[in-house]
Amino acid sequence: NDLLKEKLLQYGFRKKDNVTYYRISNDTIQELVFVFSANGEKKVSYLSYTASFSCLDIEEMASKWGESIGYIGVNVGSLMPKPCYKEWRFTVDCSDEYIWQALDEVMFTVSHYAIPYLERFSIKEKIAYGLETGTLSTVYDMTERWLPLYYISCGKNDRACMLVDEAIR
C-alpha cells in the first residue's frame with residue numbers, strides 16, 4: 001500500500017481513504033479506486049482498480065436537491081487495446097519480485113490508460129459530450145440526472161428542461 005501511494009504521488013494522486021487516490025484537474029476530481037477481492041479462493045487476493053471522475057460543482061448541486069448522481073468510471077482493463085476486466089492475482093507466498101513486477105504493471109496501466117482517459121474528460125463540456133454520445137456512462141446509469149445538472153450549471157436551462165422531459169417520457 002505504501003509502495004502504491006509513493007508511485008501514485010509521482011502523478012499527483014493523493015490518498016483519500018484506504019482504497020482511493022485522487023487529484024484535481026480542471027473541472028474534475030480524478031480518482032483511482034483500488035479494490036481487493038478473494039473471488040472465493042483461500043490465501044489469494046485480486047487487485048483491480050477503477051479510473052473515475054466527478055465534478056464537484058455538479059455533485060454539490062445534486063446534493064442540495066437530494067439527488068445522487070454517482071460517478072463516471074471504468075475498470076482500467078476496458079481502456080486497454082484489448083478491452084477486458086483487468087486484475088492482478090496475489091498469493092500469500094508470492095515473491096517480492098512478483099509483487100514489484102505487478103506494481104510496475106499497475107503503474108504502466110495508470111500512466112498509459114487511466115491518466116489519458118481521466119485527462120481526456122477533465123473538462124465538464126467533454127464529459128457532457130461523452131455522456132450524450134454514449135462514449136461515457138455513469139455508475140447506476142445516472143446520465144439522465146447528470147446532464148440536466150450540467151446544463152443548469154452552464155446556464156442552459158432550456159436544454160436541461162428538454163432532457164428532463166425526455167427522461168420522463
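Computation of the quantities below employed the complete heavy-atom set of this structure, encompassing side-chain atoms and omitting hydrogens, waters and symmetry-equivalent molecules. Note that this is a predicted model, so its numbers are computed, not measured.
Hydrophobic cluster membership differs between F34 and Y85, with clusters built from Ile, Leu, Val, Met, Phe, Trp and Tyr side chains linked at under 4.5 angstrom. Under the 4.5 Å side-chain contact rule for hydrophobic residues, L131 and I123 do not share a cluster. The hydrophobic clustering, which links ILVMFWY residues whose side-chain heavy atoms are closer than 4.5 Å, places V44 and V35 apart. Criterion: ILVMFWY side-chain heavy atoms under 4.5 Å apart, direct or through other members. Under it, V106 and V33 are not part of a common hydrophobic cluster. In terms of hydrophobic clustering, with Ile, Leu, Val, Met, Phe, Trp and Tyr side chains grouped at heavy-atom distances under 4.5 Å, I168 and M162 are assigned to different clusters.
Separating the OG atom in S52 from the OH atom in Y117 is a distance of 8.0 Å, to the nearest 0.5 Å. Atoms OG and CG, from S25 and L118 in turn, are 8.5 Å apart once rounded to the nearest 0.5 Å. Expressed to the nearest 0.5 Å, how far NZ of K126 lies from OG1 of T28 amounts to 11.0 Å.
Across all non-hydrogen atoms, the minimal contact from K15 to D17 is CE-O, 3.2 Å. Residues L103 and L4 approach most closely at CD1-CD1, 3.9 Å, considering heavy atoms. Contact between Y11 and S111 at its shortest, heavy atoms only, is OH-CB, 3.3 Å. Summarising the geometry of A114 relative to Y49, their closest heavy-atom pair is CB-OH, 3.8 Å, with the distance given to 0.1 Å.
The 12-atom threshold is not exceeded at OH of Y71, counting heavy atoms of other residues, nucleotides or ligands nearer than 6.0 Å. Within 6.0 Å of NZ on K156 lie no more than 12 heavy atoms contributed by other residues, nucleotides or ligands. Around the CD atom of Q10, the shell of radius 6.0 Å holds more than 12 heavy atoms that belong to other residues, nucleotides or ligands. Environment of NZ in K86: crowded, with over 12 heavy atoms of neighbouring residues, nucleotides or ligands closer than 6.0 Å. Taking a 6.0 Å sphere around CG of D158, one finds it holds 12 or fewer heavy atoms contributed by other residues, nucleotides or ligands.
Checked against ring-ring contact (aromatic ring centres under 6.0 Å, His included), F13 has no partners two or more places apart in sequence or in another chain. Scanning for salt bridge (Lys or Arg N to Asp or Glu O under 4.0 Å) contacts around R14 gives an empty result, with sequence neighbours left out. Partners of Y46 under the ring-ring contact (aromatic ring centres under 6.0 Å, His included) rule, at least two apart in sequence or in another chain, do not exist in this structure. Listed by chain and residue number, nothing satisfies the side-chain hydrogen bond (donor to acceptor under 3.5 Å, both in side chains) test with S95 (two or more places apart in sequence, or in another chain). Looking at residues two or more places apart in sequence or on another chain, you find no side-chain hydrogen bond (donor to acceptor under 3.5 Å, both in side chains) involving D104. Under the rule for a ring-ring contact (aromatic ring centres under 6.0 Å, His included), the partners of F108 that lie at least two apart in sequence or sit in another chain are H112. Applying the salt bridge (Lys or Arg N to Asp or Glu O under 4.0 Å) rule to E59 yields no partners; only residues at least two apart in sequence or on another chain are considered. When the side-chain hydrogen bond (donor to acceptor under 3.5 Å, both in side chains) test is applied to S78, no partner is found at least two apart in sequence or on another chain. Among residues two or more places apart in sequence or in another chain, the side-chain contact (heavy atoms from CB on, under 4.5 Å) test is passed with C94 by F90, T91, Y98, I99. The side-chain hydrogen bond (donor to acceptor under 3.5 Å, both in side chains) search around S63 returns none, not counting sequence neighbours.
The other residues sharing a hydrophobic cluster with Y22 are I24, I29, L56, where clustering joins ILVMFWY side chains under 4.5 Å apart.
A side chain to side chain contact (heavy atoms under 4.5 Å, CB included) with E87 holds for exactly one of N75, N39, V76; it is N39.
In this model, no donor atom of one side chain and acceptor atom of the other lie less than 3.5 Å apart for Q30 and S122.
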side-chain contact (heavy atoms from CB on, under 4.5 Å) between R23 and I115, worked out: CA-CA 11 Å; R23 69 182 189 177; I115 288 176; 3.5 Å; yes

side-chain contact (heavy atoms from CB on, under 4.5 Å) between L136 and F53, intermediate numbers included: CA-CA 11 Å; L136 293 174; F53 49 85; 3.9 Å; yes

side-chain contact (heavy atoms from CB on, under 4.5 Å) between T50 and L32, worked out: CA-CA 6 Å; T50 300; L32 301 174; over 6 Å; no

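Side-chain contact between K124 and D57 is present, with at least one heavy-atom pair separated by less than 4.5 Å.
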Side-chain donor-acceptor pairs under 3.5 Å in residues 142-150, sequence neighbours left out?
from: R145; atom 1: NE; to: E67; atom 2: OE1; distance (Å): 3.4
from: R145; atom 1: NH1; to: E67; atom 2: OE1; distance (Å): 3.2
from: R145; atom 1: NH1; to: S68; atom 2: O; distance (Å): 3.2

